[in-house]
Amino acid sequence: MRFRDVKEHHTRTVLPVAHITHGADAPHRSHRKPIVLFVFGEHARELITSEVGLWLARLLVDNSSAVYEWPELAAAFERAENNTSSSSNSGSSSGRDWPSLARSWVQEVLAKVEVQIVPIESLDSRRQVEEGKLCVRKTARNVDLNRNWPFAWQKEDPGDEQYGGTTPFSEPQSRLMKQVVDANGHRLLGYVNVHSGEWALYTPWDSKPAYGSGMPADMPELVATVGRICNCKVGPAGAVSGYLAFGSSMDFLYVAKRVPYPLTVEVYGGGGFGKLQPGEANKPLAQFDLIARPDREPAAPAPLPRRRALQQQQQQRQHQQQVQHSQQQPQLQAQLKLQQAEPQQQHAPDRWSHTQLLSRLNKASQKHSSSSSSSNSSSSSSSQGAARPSKRRRLRHRLHLLDAGSSAADALLPAAAVFASRSAAAGGAGDGVHAVGLLALPHPDPLLTAADTDGAAVAAGGLPGIEASEQQQQQQQHGFMHAQRLPALRQQALLQITKSQLEEEAHSAANPDIAAAASAGLAAAAAMQATGRVDTALAWQQQQQPPLDVAATQQQVTQQAGDADVILGLVARAAKDQQACFNMFNPPNEAEYRRVVADWLASFLLMLRHMANGEGYKTVEATVSQRRSSRG
């Protein structure tokens with residue numbers, strides 16, 4: 001095995017690539033072998049994909065690796081063998097030595113093909129995930145790399161979850177992947193793009209609801225074998241997944257590069273999303289509609305700009321920015337001088353506090369009473385007196401709106417509870433229950449009436465109309481699990497489920513300190529509204545409820561996270577919505593992790609063995625031999 005970094009220097013982007021083949025053949029035959037390219041870590045939040053890639057490299061390189069002895073790996077091979085056997089001898093494979101067989105298969109595969117592995121394609125967004133942003137899908141430049149390829153590319157809104165960039169190959173990662181593909185050229189036997197979010201194995205088309213023509217005749221057998229191991233849905237992506245993907249790498253390599261085995265794999269889906277239900281079976285590939293692959297790519301991609309041209313464009317943009325900055329500098333200095341010359345009293349706060357609003361309200365009513373008593377007979381005075389109640393109503397309305405704001409909610413809770421909730425919402429250590437969700441707790445003397453339900457939902461930081469009833473949670477779970485696999489719709493459903501879970505936790509007795517803090521906050525709000533004094537309300541609150549022990553809560557969460565796994569520790573300290581996002585794309589515990597890794601290691605090894613002995617291998621080998629003989 002050897003490593004190399006494919007680099008784009010002017011953007012400082014690196015793409016790591018591992019080359020694995022048989023050691024004895026590496027010096028003189030590796031450049032002649034067909035290549036199978038695996039790509040992992042294209043979407044940052046799908047951490048499990050890179051884990052599977054590293055385990056695959058270990059399986060192929062290290063014959064003494066402990067992964068060969070995993071019982072989960074043997075169970076995966078058992079499922080494939082039992083399903084391929086007839087009913088009369090279905091139990092004959094139970095005594096086979098699977099570790100020895102797997103080692104022999106690895107030697108067989110590497111003697112015939114070269115395996116290339118890209119463990120992480122999007123390194124910049126992976127750094128964001130490791131900083132706690134567990135829901136990041138796109139790159140740091142806000143582009144989905146699997147929508148940035150030329151075939152069937154579409155211009156989307158930058159805020160879309162599947163935004164494919166300004167143009168095809170606009171992203172350095174996609175250009176580097178294109179460079180790797182072009183370097184492999186006619187030797188590319190298979191392309192496997194690995195993702196998570198569901199359990200599935202997909203073939204072309206991505207951009208059409210049909211199966212593509214021109215693929216090897218043994219492709220249905222390969223797909224069926226993997227489908228038996230993962231017990232998941234398989235077939236054409238556009239027809240099975242429920243949505244079309246435009247500008248994907250799989251369609252580009254299928255059409256433009258004529259790769260015999262182009263595949264997309266989804267290795268894990270939270271809640272078993274993509275798994276076959278009892279009595280459910282996959283539809284054979286031959287029964288799908290067939291759309292022929294064009295003889296040539298209908299829309300050839302624009303040539304990639306040369307490095308010098310890109311550097312010149314970057315220098316021109318930097319020069320324009322410097323010119324604009326120098327032109328704006330005198331204006332900014334003049335504005336700064338004016339701001340410094342103005343008295344501080346003229347800068348009113350953006351939002352009034354409760355005491356300021358109450359003071360203005362009292363002054364307005366005092367002026368109104370004095371003016372109405374002294375000028376009863378004057379028509380002008382009476383008209384002014386008639387105008388002032390409307391002003392008073394406006395002030396009351398602003399006070400009511402402020403009651404529904406987040407800053408007011410913070411004032412009603414103990415400082416420790418606010419700190420704990422904000423740290424949890426920001427991904428830090430905490431109890432995992434947002435402070436904004438605590439004001440929705442029932443109270444014997446509720447601050448808001450039934451007519452203010454929407455206002456209470458806003459004050460609670462929740463969504464109007466979302467209740468924590470068991471029936472509605474089941475409906476949300478059903479809609480989340482069985483809806484189309486559109487990322488935006490699934491993300492919206494996920495957020496609704498998370499909100500319901502937070503409300504349920506807030507209502508439960510699992511957090512008595514937080515619940516007591518919320519009750520004290522509501523009572524303090526009522527006291528403050530009656531007296532108009534913040535210090536009175538806070539003093540009453542401190543008498544009723546001691547502050548929450550934030551340090552103890554942080555220590556408890558850290559211990560639960562475990563010191564052995566950095567990623568799981570990061571997830572345990574994250575907010576609830578971030579944890580739910582992680583669990584949707586990644587296994588949440590060690591047992592599930594081992595099962596996912598073992599299932600796909602067995603699938604990839606059998607997939608490689610099938611490619612090395614299939615119809616597509618003969619086609620690629622004949623092309624390689626023909627080109628080698630033509631060069632003399």
Would you tell me whether [X] and [Y] have side-chain atoms, one donor and one acceptor, within less than 3.5 Å of each other?
X    : Y    : answer
T264 : N193 : no
T167 : S170 : no
T21  : K33  : yes
Y211 : Q287 : no
N613 : E108 : yes
Y261 : D218 : yes
Q116 : N184 : yes
D62  : S65  : no
Y202 : S241 : no
S174 : E171 : no

Query raised in the report: Which word best sums up how the rings of W149 and F252 line up, parallel for under 30°, tilted for 30 to 60°, or perpendicular for over 60°?
Result: tilted
Query raised in the report: Do the rings of W600 and W199 sit parallel, tilted or perpendicular, given the 30° and 60° boundaries?
Result: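 Taking W199 first and then W600, their aromatic rings lie parallel (interplane angle under 30°).
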Roughly how far, to the nearest 0.5 Å, is [atom2] of [Y] from [atom1] of [X]?
X    : Y    : atom1 : atom2 : result
R126 : D124 : CZ    : CG    : 12.0 Å
L47  : N586 : CG    : CG    : 4.5 Å
L201 : L222 : CG    : CG    : 7.0 Å
M250 : D206 : CE    : CG    : 3.5 Å
L37  : R187 : CG    : CZ    : 11.5 Å
S213 : I291 : OG    : CD1   : 9.5 Å

For the residue pair [X] and [Y], establish whether any side-chain heavy-atom pair is separated by less than 4.5 Å.
X    : Y    : result
V194 : V267 : yes
I117 : V17  : no
D144 : R137 : yes
P209 : D289 : no
V181 : K257 : yes
I120 : F40  : no

Requested in this report: Can you spot which of Y254, W205, F169 makes a ring pair (Phe, Tyr, Trp, His ring centres under 6.0 Å) with F151?
Outcome: W205
Query - Derivation of the salt bridge (charged side-chain N to carboxylate O under 4.0 Å, His left out) call for E615 and K618 - result: CA-CA 5 Å; E615 178 182 313; K618 299 175 183 177; over 6 Å; no
Are any side-chain N or O atoms of [X] and backbone N or O atoms of [Y], one a donor and one an acceptor, separated by less than 3.5 Å?
X    : Y    : result
E114 : I35  : no
T623 : T619 : yes
S122 : H43  : no
D5   : K7   : no
N583 : P588 : no
K112 : A612 : yes

Query raised in the report: Any cation-pi pair here, R147 with Y163, using under 6.0 Å and within 45°?
Result: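 Here R147 fails the 6.0 Å and 45° test against Y163.
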Requested in this report: Establish, for the pair K208 and F246, whether the NZ or CZ atom is under 6.0 angstrom from the six-membered ring centre and no further than 45 degrees off its axis.
Outcome: no
Report task. Apply the test side chain to side chain contact (heavy atoms under 4.5 Å, CB included) to residues N63 and Q107: give CA-CA distance (whole Å), side-chain angles for both, the deciding distance (0.1 Å), then the verdict. Result -> CA-CA 10 Å; N63 261 345; Q107 297 302 317; 3.4 Å; yes
**Report entry** Test side chain to side chain contact (heavy atoms under 4.5 Å, CB included) applied to W105 and L608, step by step
**Finding:** CA-CA 9 Å; W105 289 342; L608 286 168; over 6 Å; no
Looking at [X] and [Y], does any basic side-chain N land under 4.0 Å from a carboxylate oxygen?
X    : Y    : value
D599 : R79  : yes
E130 : R127 : no
E161 : K138 : no

Requested in this report: Could you tell me which residues satisfy side chain to side chain donor-acceptor pair (under 3.5 Å) with E72, sequence neighbours excluded, listed by chain and number?
Outcome: R594
Query raised in the report: side-chain hydrogen bond (donor to acceptor under 3.5 Å, both in side chains) between Y268 and E198: does it pass, once the steps are laid out?
Result: CA-CA 5 Å; Y268 177 79; E198 59 179 331; over 6 Å; no
Requested in this report: Verify side-chain hydrogen bond (donor to acceptor under 3.5 Å, both in side chains) between S125 and Q128, making sure each step is shown before the conclusion.
Outcome: CA-CA 5 Å; S125 55; Q128 292 181 332; 5.6 Å; no
Report task. Kindly determine whether E46 and H195 satisfy side-chain hydrogen bond (donor to acceptor under 3.5 Å, both in side chains), including the steps that lead there. Result -> CA-CA 7 Å; E46 301 165 5; H195 293 270; 3.2 Å; yes
Query raised in the report: So, for W98 and Y68, is the gap between ring centers shorter than 6.0 Å?
Result: no
Requested in this report: Please find out if less than 6.0 Å separates the ring center of F604 from that of W55.
Outcome: no
**Report entry** More than 12 heavy atoms of other groups within 6.0 Å of E590 CD
**Finding:**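 Open: at most 12 neighbouring heavy atoms sit under 6.0 Å from CD of E590.
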Report task. Evaluate side chain to side chain contact (heavy atoms under 4.5 Å, CB included) for L15 paired with E121, printing each intermediate quantity in order. Result -> CA-CA 6 Å; L15 187 74; E121 181 179 352; 4.0 Å; yes
**Report entry** Qualifying salt bridge (charged side-chain N to carboxylate O under 4.0 Å, His left out) pairs with a residue from residues 268-288, counting only residues at least two apart or across chains
**Finding:** none
Report task. Show the numbers, then the answer: is there a side chain to side chain contact (heavy atoms under 4.5 Å, CB included) between V234 and V240? Result -> CA-CA 7 Å; V234 299; V240 176; over 6 Å; no
